[in-house]
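Each chain gets a letter, A, B and so on, in the order its sequence line appears, and its residues count up from 1.
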Amino acid sequence: MNLLELLLIYLKQPAYLSLTIGSLLVAALLWYASRNQKLSVGTRVFLIYAHIAVLLVPLAFFAYSSGCMLPVYDCNAKTLLYALPFILGGVVALAGVVGYFMLPALYRRRLGAQRLQDKQLARLVARMARKHGGQVPSLWLLDTASPMAFSVSSHHPAIFVSLGLFDILSRKELEAVVLHELGHLQHRSPLVKFSTQLARAVSPVALFVPGKLNHEEQCADTFAIAEQGTPIHVTSARGKIESFFAFQE
Amino acid sequence: MKEGGRFDELLSPLESDVLRVLWPDRAMKVRQIYDVLKHKRKVALSSVAVILDRLHARGVVERSVETARGGMRYIYHPKKDRKEFEESVVETAVNKLIDAFGPTAVSYFHERFGKKK
């Protein structure tokens, strides 16, 4: 008996079918609610992980009901089925925990980032982070001419900027980019982004229900504009970065 | 190839212009090249950065990182001077013709350049 046959037998039972449909609907609702920008970051991240947990419920029922149907001597298949929800739940939980603690280090290794030796920028970031009561992020430099910057929320938050930014941006524009990333960290939006990506990797519902992260970008821009007292540098930096990628194409 | 001419077959007009700025000075920052070019043609700083990155990826220019008071910058310098670059272009073209046409190309070159002597 293969997995598809077991699934069809499982879904033919009205109780399990309604449980599966109900779980999918609840998961979709939780995912949709997690897109609500008005909720706090903590609530949104909780909703994203609750969405994954709800999806595991019908999977657990399927595993146990199908495991019972298998003959006693089919020990390996039975064990695998029983273990399936725990394995998937464990993988997601582990990815979440490892991601939170290890993501900056993983990015540093993967992209070959080096500590940014720019005292002016480091002072600005430290001053602004303390002003807003946040943790001071470490600054890292990426050896690429592509102008890019991103931040990673973690127990040790980090901001990554590429050398290409230094080539095409003025000092004020560069500060605007770094403040934009600091704005992301203040709003903890990298945590929402990471959780969203993790959910999209394991949940079919998250793939089909769209969700945009434009609001996070706007919040980060607002933060940088408020700190610089003018939108000029944020706008001109964005224009230069966009024209780089437009010309590259 | 005439002195001051373009390498339109191999490089885009902007790539050619960037190299012509870079050859005499040997090592320049993106902004320095842009400052020279903007007086000669309509160009954006980001376009110059893209062109230099492209030339670097193709092995035409090399780059190093300079740390100064104003921050960090890439310093670009041509791998070969103009004459060496032209020679390598000719060599590549000749090799391609020999690969494609074999003995025909060799006998043609022999005939053509033999006559000149």
Open item on the list: Can you tell me which portion of B/Ala44 sits under 4.5 Å from chain A's heavy atoms? Options are side chain, backbone, both or neither.
Closed with: neither

Open item on the list: If you count heavy atoms of other groups shown closer than 6.0 angstrom to CZ of A/Phe150, is the number above 12?
Closed with: yes

Task: Rounded distance [0.5 Å steps], CG in B/Leu45 versus CZ in A/Phe244 - done: 10.0 Å

Task: Test side chain to side chain contact (heavy atoms under 4.5 Å, CB included) applied to B/Tyr34 and A/Asp167, step by step - done: CA-CA 11 Å; B/Tyr34 166 72; A/Asp167 276 342; over 6 Å; no

Open item on the list: On a heavy-atom basis, which atom in A/Gly164 and which in B/Tyr74 lie closest, and how many Å separate them?
Closed with: N-CE1, 4.4 Å

TODO: Considering non-hydrogen atoms only, spot the tightest contact between A/Ile168 and B/Ser46 and give its length.
DONE: CG2-CA, 4.1 Å

Open item on the list: Give me the atom names and distance for the closest heavy-atom approach of B/Arg54 to A/Gln248.
Closed with: NH2-O, 3.6 Å

- [ ] Let me know if A/Leu116 has heavy atoms under 4.5 Å from chain B in its side chain, its backbone, both or neither.
- [x] side chain

Open item on the list: Using only atom types and a distance under 3.5 Å, with no angle test, would you say the side chain of A/Asp118 pairs donor to acceptor with the backbone of B/Met72?
Closed with: no

Open item on the list: Is it the case that atom OH in A/Tyr49 sees more than 12 heavy atoms from other parts of the structure closer than 6.0 Å?
Closed with: yes

- [ ] For chain B, find its close neighbours in residues 172-181 of chain A: heavy-atom separation under 4.5 Å, sorted by number, or none.
- [x] none

- [ ] Check whether more than 12 heavy atoms from other residues, nucleotides or ligands sit under 6.0 Å from atom CD of B/Glu84, and answer yes or no.
- [x] yes

Open item on the list: Report which part of B/Val65 has an atom under 4.5 Å of a heavy atom belonging to chain A: side chain, backbone, both, or neither.
Closed with: side chain

Open item on the list: Can you tell me if B/Lys96 has over 12 outside heavy atoms packed within less than 6.0 Å of its NZ?
Closed with: no

Task: A/Phe245 atom CZ: more than 12 heavy-atom contacts under 6.0 Å - done: yes

Task: CZ/B/Phe101: more than 12 non-hydrogen atoms of other groups inside 6.0 Å - done: no

